[in-house]
Amino acid sequence: MVTTFEPPSHPHSPAAPQSGTSYLARLNPEQRAAIETTDGPLLVLAGAGTGKTRVLTTRFAHILLTERAKPWQILAVTFTNKAAREMRERVALLLGAPAEGLWLGTFHALCARMLRRHAEYAGLTQNFTILDTDDQLRLLKQVMEPWQIDTKRWPAPGLLGVIQRWKDRGLTPARVTPSEDTDFANGHARAIYEAYQARLLQLNACDFGDLMLHVTEILRTRPDVLAQYHRMFRYILVDEYQDTNTVQYLWLRLLAKHEHGPANICCVGDDDQSIYSWRGAEVENILRFEKDFPGAKIVRLERNYRSTRHILGAAAGLIAHNGERLGKTLRSGRDDPSDGEKVLVTSVWDSDAEARNVCDIAERLHHKGQSLAEMAILVRAGFQTRAFEERLVQTGLPYRIVGGLRFYERAEIRDALAYMRVVHQPADDLAFERIINVPKRGVGPASLQKLREAARFANTSVSMATETMLDNGQLKGKSANQLRVLVDALNSTREILAREGHVLAVEHLLEESGYLEMWRLDRSPEAPGRLENLKELVRALADFGTLGEFLEHVSLVMETDEKAQDAKLSIMTLHGAKGLEFDTVFLPGWEEGVFPSQRTLDEGGLKGLEEERRLAYVGITRARKQAMIFHAGSRRIYANWQPSMPSRFLDELPDAHITRKNEGGSNRRGLFAEDSVFDNGPLVARRKRQAEAEPAFQLGEHVRHPRFGVGIVIAADRNHLEIAFENAGTKRLLSSFIEKL
DNA sequence: GTCCGCTCCTTTTTT
DNA sequence: AGGAGCGGAC
């Protein structure tokens, strides 16, 4: 079964000069073993806070410094861009200089790079487009039309999910067996999938799943290509192995398994932190590692340097309730004898009291000198953030919501990118269809359909067909004139792109197409902000050599470089917090139905429950000094108040490591529900309504909104107010949310 | 072709 | 409560 690795009695690399290995000095024996066991398959089971990133980066540097491989002979894979960036930086630090030619990146970025080299084997050309979720959905809806699917019963996003899960499992349409295809859309899902893939090829495009799927398929079917990579990659490093899905696993196995010699693959992960099964991750990959790579060694990193003993004890007690585990016990690696504070479990009356409690404590800690950057509120689901946000605005504590709408997901940014994509790749119909009527050019669904048919008939793209029809005078009226402007703008942009570079070209494009003008004429309060974002986008263009590079970056990275952050309290989901750590962690909403989430329980049964428990484990282990858990007796979900029971996870925390505190809710499960079931909801709502019976507002009056902060009333129509906020721009709002100052 | 209002649904999320 | 999507009115 599982073998525990014993550190070698003598160093593995006799060639390594002693003076050159100072980077190994401050590591514990397990960490050293994980680094010095360079050859053959190795699984590093790295518990939370056990120095995983350090091991990965030091191992990378060790391979280079002992000259086992050149930088381009190491393949290093992560899940997020952030992790890739961090590894790159830390390796550079160890080496004293950035390494050139690294194959270090996310699964998708590395696959995109490979796919550009071998695009023709997938039926694409080198400049293929990577679609975002919007595009995928619009395309799938178009493709679905002929089947006349009842989209009430089988909504397109659901089908897209089915297709994505197939792709996660490495299944091309041809590999989907009929027995797989019974659930969705009356057994038409596979056929629609096939049509969707065909359409993607026509558009010279692929979605995220395709990056993995195409490359894996090429490696499977083209031994010459595979051999090329076998020759190149001597060492493979994989981060967060427990999160890999089946294609990622297949891809890795293809690359790692040579015909001759051992697979020098090192996977680092933690089965206790596997929280992404809902998007295709297979914990089994990590559980099965020894079978996949015979002779594999296993190193366990169990010494935790992050958290206090009470935090570790609470987390360990909780996760012990899970069944299938590789078995690993976190223990403190610290020398300091203090146990720290016990984990605090607080019962509160309702979700408002919860927010009040959390924010009060945060404020108190802040006054005592703890930086807000060292505190985080970790929630199970997005809807929970609102109560905290409202309270924090009232309190005046700076905060940031991590993982809200990101820059590249904003409508104006997507529109502008679509304009650029059409310039870059005229075959990109999805981009063209996105912008053809933005700004309004009098092109509705009917005209669009005509253009599509013309394109299909002439076997070209919609944008080319539009141009041809304009040239031949086949389009008439006002919309023809406006389309002419669009087509001319696209063409002149391509000329400028060739002559004067991409920055000027894009400025020209957004101006001449009328896109910027559309927002300038827009009277809505968001318009100025959108223009500002567009400026920012153009600024970002300058950081890239070509338009193509920029578009690749945008579709793969989907984030802008964060500006230097001021110290702010973070609010984020538990999923978003993985890999991070804070001195103080607030864990609200530990109630049945919320956490564990009812939906996960319904859909995932025991497996779902165990994943929720791992999520709880991830949450607690984010804390260095103190973890505080909260549960409320009633919670407002959507419109109404609902009584709620304490989470079963609270019973699973070992008493020795927790303190229970009652701030208005009962501490005991069951009892609580009795005194609150029917009455407390309406009562609380009534109390709120009375408090909010508010007088009329005057123009120029200073007011406060729970979310947007302080502002001045600039227009009022009965209960509809327009308010210019200090920090949030101008908004139109209902007066019931507004408080006088 | 566009706009407005009614109904429905509501996790987690990276790339 | 609030946003998205769809159907009917102009």
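In the text below, chain A, chain B and the rest are named by the order of the sequence lines, each starting its count at 1.
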What contact category does N437(A) fall into here, base, sugar-phosphate, or nothing, at under 4.0 angstrom with non-hydrogen atoms? sugar-phosphate
Name the nucleic acid region contacted by T106(A), choosing base, sugar-phosphate or nothing; use a 4.0 angstrom heavy-atom cut-off, strictly under. sugar-phosphate
Among dT15(B), dT11(B), dC3(B), which nucleotide has an atom closest to any side-chain atom of H108(A)? dT15(B)
CZ of R138(A) versus C1' of dA4(C): gap in Å, rounded? 15 Å
Side-chain N,O (N81(A)) to OP1/OP2 (dT14(B)) below 4.0 Å: no
Whole-Å distance between dA1(C) P and R636(A) CZ? 9 Å
Using a cut-off of 4.0 Å on non-hydrogen atoms, how would the nucleic acid contact of S447(A) be classed: base, sugar-phosphate, or nothing? sugar-phosphate
Side chain of S597(A) only, please: which of dT13(B), dT14(B), dT11(B) is the nearest? dT11(B)
Could you check whether A446(A) gets within reach of a base, just the sugar-phosphate, or nothing at all, counting any heavy atom under 4.0 Å? sugar-phosphate
The side chain of A381(A) lies closest to which of these nucleotides: dT15(B), dG5(C), dT12(B)? dT12(B)
Rounded to whole angstrom units, what separation is found between the CG atom of D134(A) and the P atom of dT14(B)? 16 Å
Please determine, for the side chain of T133(A), which listed nucleotide (dT2(B), dG2(C), dT15(B)) has the closest atom? dT15(B)
What's G209(A) touching, base or sugar-phosphate or nothing? Going by heavy atoms closer than 4.0 Å. nothing
Could you walk me through whether Y249(A) and Y241(A) pass side chain to side chain contact (heavy atoms under 4.5 Å, CB included), step by step? CA-CA 9 Å; Y249(A) 160 78; Y241(A) 190 60; 3.5 Å; yes
Nucleotide nearest T573(A) when distance is taken to its side chain, options dT14(B), dT13(B), dT2(B): dT13(B)
Which nucleotide in the set dG5(C), dT11(B), dT12(B) lies at the smallest distance from any side-chain heavy atom of R599(A)? dT11(B)
Less than 5.5 Å between centroids and less than 30° between ring planes, does W278(A) satisfy that with dT13(B)? no
Please work out if Q164(A) contacts a base, only the sugar-phosphate, or nothing of the nucleic acid, heavy-atom cut-off 4.0 Å. nothing
Can D210(A) and K167(A) be said to form a salt bridge (charged side-chain N to carboxylate O under 4.0 Å, His left out), step by step? CA-CA 7 Å; D210(A) 286 335; K167(A) 290 184 176 181; 2.8 Å; yes
Look at the side chain of R380(A) and decide which nucleotide, out of dC3(B), dT13(B), dT11(B), has an atom nearest to it. dT11(B)
Which residue in the set E284(A), E610(A), E611(A) passes side chain to side chain donor-acceptor pair (under 3.5 Å) when paired with S277(A)? E611(A)
Nearest heavy atom decides the nucleotide; on that basis, is E612(A) or P445(A) closer to the 5' end of DNA chain B? P445(A)
Select from G442(A) and G576(A) the residue whose nearest nucleotide in DNA chain B is closer to the 5' end of that strand. G442(A)
Where does the angle between the aromatic ring planes of W519(A) and Y515(A) fall among parallel (under 30°), tilted (30 to 60°) and perpendicular (over 60°)? perpendicular
Hey, can you tell me if H553(A) and F544(A) have their rings parallel, tilted or perpendicular (30° and 60° cut-offs)? tilted
Could you check whether F208(A) gets within reach of a base, just the sugar-phosphate, or nothing at all, counting any heavy atom under 4.0 Å? base
